[in-house]
Amino acid sequence: MDREEAQNILQLCRPDSIEDRNDPLIAEALELLSQNAELNAWFEEQQALDTQISAEFDRIEPPADLKSSILAGMRAHAAQAERLIDDAPKEDEAHEHVLPFPRSANDADHRSGFRPWMGIAAAIAIVGVVLLLPVNEAPTQLANNSGAPENTPIVATVGVPGLVDFLATQITEFKKTAPFEKKADQHTDLQQYLDDAGKPSPGNLPSELEGIPSLGCVTFNFNNCDVSMICFKEDGSVYHLITTSKDTCPKTYSQQPTVYEHGGKCFKTWAQGEKIFLICVDGTQENLPTAAQ
Amino acid sequence: MTTEPNLNFEEIVSAYYQPLYRFGYSLAKNEHEASDLAQQAFFIYAEKGSSLRDKSKVKSWLFTTLYREFLKRKRKDSRMDNYEPEMLETAGGSVEPHVRRTMDSHLAVEALNEVDEIYREPVSLFYLKDLSYKEIAEILDVPIGTIMSRLSRGKAQLREIFKRKETETSANTL
């Protein structure tokens with residue numbers, strides 16, 4: 001590690017941050033300080049200024065009532081959810097149980113993030129999850145892959161599976177007219193449709209796609225293998241979650257995610273339980289959704 | 001209503017509402033919107049947090065949610081039909097005169113406002129101290145190498161601006 005590289009890494013080390021100092025990369029750069037007086041002087045100067053700037057940031061105080069306002073809103077939300085679950089069969093009456101999300105006094109002249117339709121949507125979603133979601137095997141592979149080296153995706157440049165090649169063509173054609181078999185912004189509705197039709201459905205979503213509104217779903221047949229696809233859209237990006245069954249799919253897929261770039265699209269594939277999952281996006285792997293958590 | 005989830009909520013709110021507000025403030029430069037963004041992040045957590053499998057990720061989940069909410073609002077406000085991160089990075093709000101008065105006491109935030117747009121988010125998250133550089137990369141959805149580069153350049157800019165403003169402030173008080 002040369003001095004310039006060490007300086008770049010040491011910039012990441014905040015004063016009094018044990019977590020930063022325990023980071024292997026930063027720790028390696030810190031070891032150089034004892035060997036290089038000039039670097040050490042530079043680092044001390046940086047730390048002093050960082051301390052000063054951090055102190056300035058710490059002076060930004062939230063409104064006094066913000067915490068209580070947030071807690072009140074969350075309690076109201078929890079109460080609403082419990083009442084809805086208790087009254088789950090009376091889905092049509094869900095609107096009557098929606099409680100307003102309390103607004104901060106500071107929000108009086110400002111738009112609130114909460115809208116009545118969000119409460120209704122949340123109510124329907126909660127009831128939907130309770131009533132409709134089967135206990136399918138969840139594609140937890142991706143959900144748990146952050147920080148798990150064994151789950152780091154492999155980027156494959158050769159040997160594109162036939163299913164990926166098939167889907168690259170199908171999705172390109174599909175996008176021209178988007179003939180969804182069913183449209184819904186709640187993936188649970190789409191999964192119910194797929195279950196009723198006897199087509200593969202993903203069950204619990206990979207964490208990358210949690211919370212993203214769905215557009216619709218469509219099914220394909222690849223060499224007598226049923227393949228379903230649910231499309232999601234967020235911030236102008238469209239993500240396709242493809243599910244098929246291990247039993248009927250001719251190729252064996254690894255539990256470890258593998259990334260293929262093919263036909264102007266990127267596919268992340270992995271196997272979980274008895275199912276095979278693919279996430280497809282336009283472009284390269286940088287466009288793949290990332291887990292928020 | 002059971003008490004355990006509420007206790008968890010309270011602990012989570014207590015731990016993160018301040019840094020979330022500060023991050024929201026650095027993005028929106030407006031205390032009302034910063035409050036709203038923080039509140040909205042917790043509300044989304046109340047709605048979807050149960051699906052969060054790794055509870056150790058709550059912090060970065062909340063920051064990511066707040067950041068995405070900010071981008072959504074900016075996109076809506078600017079009527080940006082196509083999601084282009086570069087466009088959104090330059091879509092930070094301008095500082096209105098009445099807001100600037102409240103920011104005068106925050107020299108660092110004022111200095112941050114003069115840093116190139118692309119560096120602002122990583123630099124503000126860095127100085128909030130609650131997140132590692134790896135978590136910052138996750139939240140902003142950019143590779144770690146990019147974050148390191150942006151932090152390095154952004155911090156260099158911020159330091160220069162901060163020093164200049166300090167000197168100006170000192171000169172004005174003499």
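Residue numbers begin at 1 in each chain, while the letters A, B, ... track the order of the sequences. As a basis for the values below, the full set of heavy atoms in this structure was taken, side chains included, without hydrogen atoms, waters or symmetry mates. No experiment lies behind these values; they were computed from the predicted model shown.
- With a 4.5 Å cut-off on non-hydrogen atoms, B:Tyr21 touches chain A through its side chain but not through its backbone.
- Both the backbone and the side chain of A:Ser54 have a heavy atom closer than 4.5 Å to some heavy atom of chain B.
- Under the 30°/60° scheme for interplanar angles, the aromatic rings of B:Phe23 and B:Phe63 are found to be tilted.
- When each of A:Gln46, A:Gln7, A:Glu19 is checked for heavy-atom pairs under 4.5 Å with chain B, A:Gln46 comes out on top.
- Counted by atom type alone, B:Ser152 and A:Asn8 present one or more donor-acceptor pairs between their side chains at under 3.5 Å.
- B:Leu131 touches chain A through its backbone: at least one of N, CA, C or O sits under 4.5 Å from a heavy atom, while the side chain does not.
- If you look at A:Tyr239 and A:Phe232, their ring centroids are not closer than 6.0 Å.
- The contact between B:Ser14 and chain A is made by backbone and side chain atoms together, counting heavy-atom distances below 4.5 Å.
- Both the backbone and the side chain of A:Leu12 come within contact range of chain B, with heavy atoms under 4.5 Å apart.
- Side-chain contact, B:Tyr133 with A:Asp23: a donor N or O sits under 3.5 Å from an acceptor N or O.
- Side-chain N/O atoms of A:Ser69 and B:Gln39 include a donor and acceptor closer than 3.5 Å.
- Contact annotation for B:Ile147: neither backbone nor side-chain heavy atoms come within less than 4.5 Å of a heavy atom of chain A.
- B:Phe162 touches chain A through its side chain: at least one heavy atom from C-beta onward sits under 4.5 Å away, while N, CA, C and O do not.
- Annotation: cation-pi geometry satisfied between A:Arg14 and B:Phe126 (NZ/CZ under 6.0 angstrom from ring centroid, within 45° of ring axis).
- Heavy atoms closer than 4.5 Å to chain B are found in both the backbone and the side chain of A:Asp50.
- Residue B:Arg159 places its CZ atom among more than 12 non-hydrogen atoms of other residues, nucleotides or ligands, all under 6.0 Å distant.
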